[in-house]
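Data block below; observations after.
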Amino acid sequence: MTEFETIAIFNFPHEIIVLKSILENEGIPFLFQNENLVSVNPMASYAYGGIQLKVHPNDVEKVKEILNNLNTNLEIV
């Protein structure tokens, strides 16, 4: 895991639900560091540095593309 890079930081667990599902479906290895800590104590998210999305350097560009698609194409019905 030492070679994984942080490419995004989220403040609350509900923000990662859709992204987690997409990454699993794409078969991209990932880690959400501090996910459990923030789930237990959401108000301390900033103290822990938030929930950090870490991926292997080979997958950084693909995950950035997924993040951009989520930010621009997310439609709420």
Side-chain angles (χ1 to χ4, degrees):
M1 288 297 178
T2 57
E3 55 195 54
F4 275 38
E5 295 180 15
T6 300
I7 63 166
I9 298 175
F10 304 90
N11 293 319
F12 301 105
H14 68 271
E15 297 174 323
I16 65 171
I17 293 172
V18 172
L19 178 59
K20 188 182 232 184
S21 176
I22 292 170
L23 294 174
E24 287 173 351
N25 287 336
E26 292 287 329
I28 298 172
F30 65 91
L31 168 70
F32 282 108
Q33 186 173 342
N34 297 332
E35 178 182 8
N36 291 334
L37 286 171
V38 174
S39 293
V40 171
N41 188 0
M43 300 311 287
S45 177
Y46 296 105
Y48 297 129
I51 301 170
Q52 300 171 18
L53 170 59
K54 294 184 176 276
V55 297
H56 192 274
N58 294 342
D59 298 316
V60 168
E61 291 304 317
K62 186 170 185 177
V63 174
K64 284 184 179 181
E65 183 178 325
I66 291 170
L67 288 169
N68 283 337
N69 287 337
L70 278 176
N71 287 334
T72 57
N73 297 327
L74 187 62
E75 294 180 19
I76 298 175
V77 178

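As a basis for the values below, the full set of heavy atoms in this structure was taken, side chains included, without hydrogen atoms, waters or symmetry mates.
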Exercise for the section: Run the numbers on Asn36 and Val40 for side chain to side chain contact (heavy atoms under 4.5 Å, CB included), then give the verdict. Expected result: CA-CA 6 Å; Asn36 291 334; Val40 171; 5.6 Å; no

Is any side-chain heavy atom of [X] less than 4.5 Å from a side-chain heavy atom of [Y]?
| X | Y | answer |
| --- | --- | --- |
| Leu70 | Ile22 | yes |
| Leu53 | Leu19 | yes |
| Leu23 | Val63 | yes |
| Ile51 | Gln33 | no |

Practice task
Give a yes or no on whether Leu67 and Ile9 share a hydrophobic cluster (residues Ile, Leu, Val, Met, Phe, Trp, Tyr; joining criterion: side-chain heavy atoms under 4.5 Å apart).
Solution key: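 Each belongs to a different hydrophobic cluster.
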
Problem - Hydrophobic cluster membership, Ile7 vs Tyr48, 4.5 Å side-chain cutoff - result: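 Ile7 and Tyr48: one cluster.
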
Problem - side chain to side chain contact (heavy atoms under 4.5 Å, CB included) assessment of Phe10 paired with Val38 - result: CA-CA 10 Å; Phe10 304 90; Val38 174; over 6 Å; no

For residues [X] and [Y], report the shortest heavy-atom separation together with the two atoms involved.
| X | Y | value |
| --- | --- | --- |
| Ile16 | Glu35 | CD1-OE2, 3.6 Å |
| Pro57 | Glu3 | CD-O, 3.1 Å |
| Asp59 | Pro29 | OD2-CD, 3.6 Å |

Exercise for the section: Please say which of Leu31, Val60, Thr6 ends up in a side-chain contact (heavy atoms from CB on, under 4.5 Å) with Val55. Expected result: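 Between Val55 and the candidates, side-chain contact (heavy atoms from CB on, under 4.5 Å) is satisfied uniquely by Val60.
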
Problem - Interatomic spacing from OG in Ser39 to NE2 in His14 - rounded to 0.5 Å - result: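 So the gap between those two atoms works out to 11.5 Å.
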
Problem - CA sep, side-chain torsions, deciding dist, call: Phe30, Phe32, ring pair (Phe, Tyr, Trp, His ring centres under 6.0 Å) - result: CA-CA 7 Å; Phe30 65 91; Phe32 282 108; 5.5 Å; yes

Handout entry: Lys62 bridged to Glu26 by N-O distance under 4.0 Å
Key =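 Salt bridge between Lys62 and Glu26, a charged N being under 4.0 Å from a carboxylate O: yes.
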
Practice task
Answer yes or no: is there a donor N or O on one side and an acceptor on the other, between the side chain of Asn34 and the main chain of Gly50, under 3.5 Å?
Solution key: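 The answer is yes, because a donor-acceptor pair under 3.5 Å joins these two groups.
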
